[in-house]
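Below is one structure, written out as structure tokens, with a few remarks after it.
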Amino acid sequence: MHQDVDELAEKIAEYCAAVRREHGNWQSRVAVMLHTFLGHDTEYVREVVRKPMCDYLKGSFHLIARSIADVGPDFDVESLHEDDIDFFVERSFDTYFTERGLFGTVDEAARMVERLQGIGVDEIACLIDFGVDGKVALDGLQTLNELRLRYQ
């Protein structure tokens, strides 16, 4: 949750090295779970996922707060006002949308898939049940399938 692709790359490299040390030539497998919703228009996708993803993040604010706490030892999460929490949730949403999920068009998601493949990810588990309307989420599977077919 608190890693960008570069940090994830370092951890995957450490994991694979540890597997090789422990098991010799055994081939490690790496799966990454990403919040996912694809469509044919980025702004449509942003509109569809913004509120449910922000609600999801707000419900997990204690996890976001860990990142915020990195700004300094005197930072007190409990002292935040609702407006402050909303601000941090919105910033987290922007990060998830652009850097830590599969959101947008097939072409945009393909760039993330290729980045992840490049650091040793073998499989992406797509988390689609983060609050998007059920029918809309299921309709989005058709676009997700277009992405899947590119990498089959």
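- Among all heavy-atom pairs drawn from G101 and L34, the shortest one is CA-CB, 4.2 Å.
- Contact detail for V45 and G39: the closest heavy-atom pair is CG2-N, 3.3 Å.
- When every heavy atom of K58 is checked against every heavy atom of V89, the shortest pair comes out as CA-CG2, 4.0 Å.
- Listed by first and then second residue, the salt bridge (charged side-chain N to carboxylate O under 4.0 Å, His left out) pairs involving residues 125-138 are K135-D139 (not counting sequence neighbours).
- Note on R46 versus E43: salt bridge recorded, some NZ/NE/NH1/NH2 to OD/OE distance being below 4.0 Å.
- For the pair Y96 and F103, the tightest heavy-atom approach, listed with the atom from each and the gap, is O-CD1, 3.6 Å.
- Between F37 and the choices V136, L144, L102, the side-chain contact (heavy atoms from CB on, under 4.5 Å) rule is met once, by V136.
- Within a 6.0 Å radius of CD in Q142, no more than 12 heavy atoms belonging to other residues, nucleotides or ligands are found.
- The shortest heavy-atom contact between V5 and E99 is CG2-O, 4.4 Å.
- Although no hydrogens or angles enter the test, the distance criterion places no donor-acceptor pair under 3.5 Å between the side chain of D122 and the main chain of A31.
- A donor-acceptor pair is defined here as one N or O able to donate and one able to accept, closer than 3.5 Å; no such pair exists between the side chain of D94 and the backbone of R91.
- A salt bridge between D55 and K51 is present, with a side-chain N of the basic residue lying under 4.0 Å from a carboxylate O of the acidic one.
- Of all heavy-atom pairs between L38 and T105, the closest is CD2-O, 4.0 Å.
- L127 has its side chain within reach of Y56: a pair of non-hydrogen atoms, C-beta onward, lies under 4.5 Å apart.
- Applying the ring pair (Phe, Tyr, Trp, His ring centres under 6.0 Å) criterion to F93, with sequence neighbours excluded, gives F97.
- Within 6.0 Å of NE2 in H81 there are 12 or fewer heavy atoms belonging to other residues, nucleotides or ligands.
- Between the side chain of E7 and the main chain of D4, a donor-acceptor pair closer than 3.5 Å is present.
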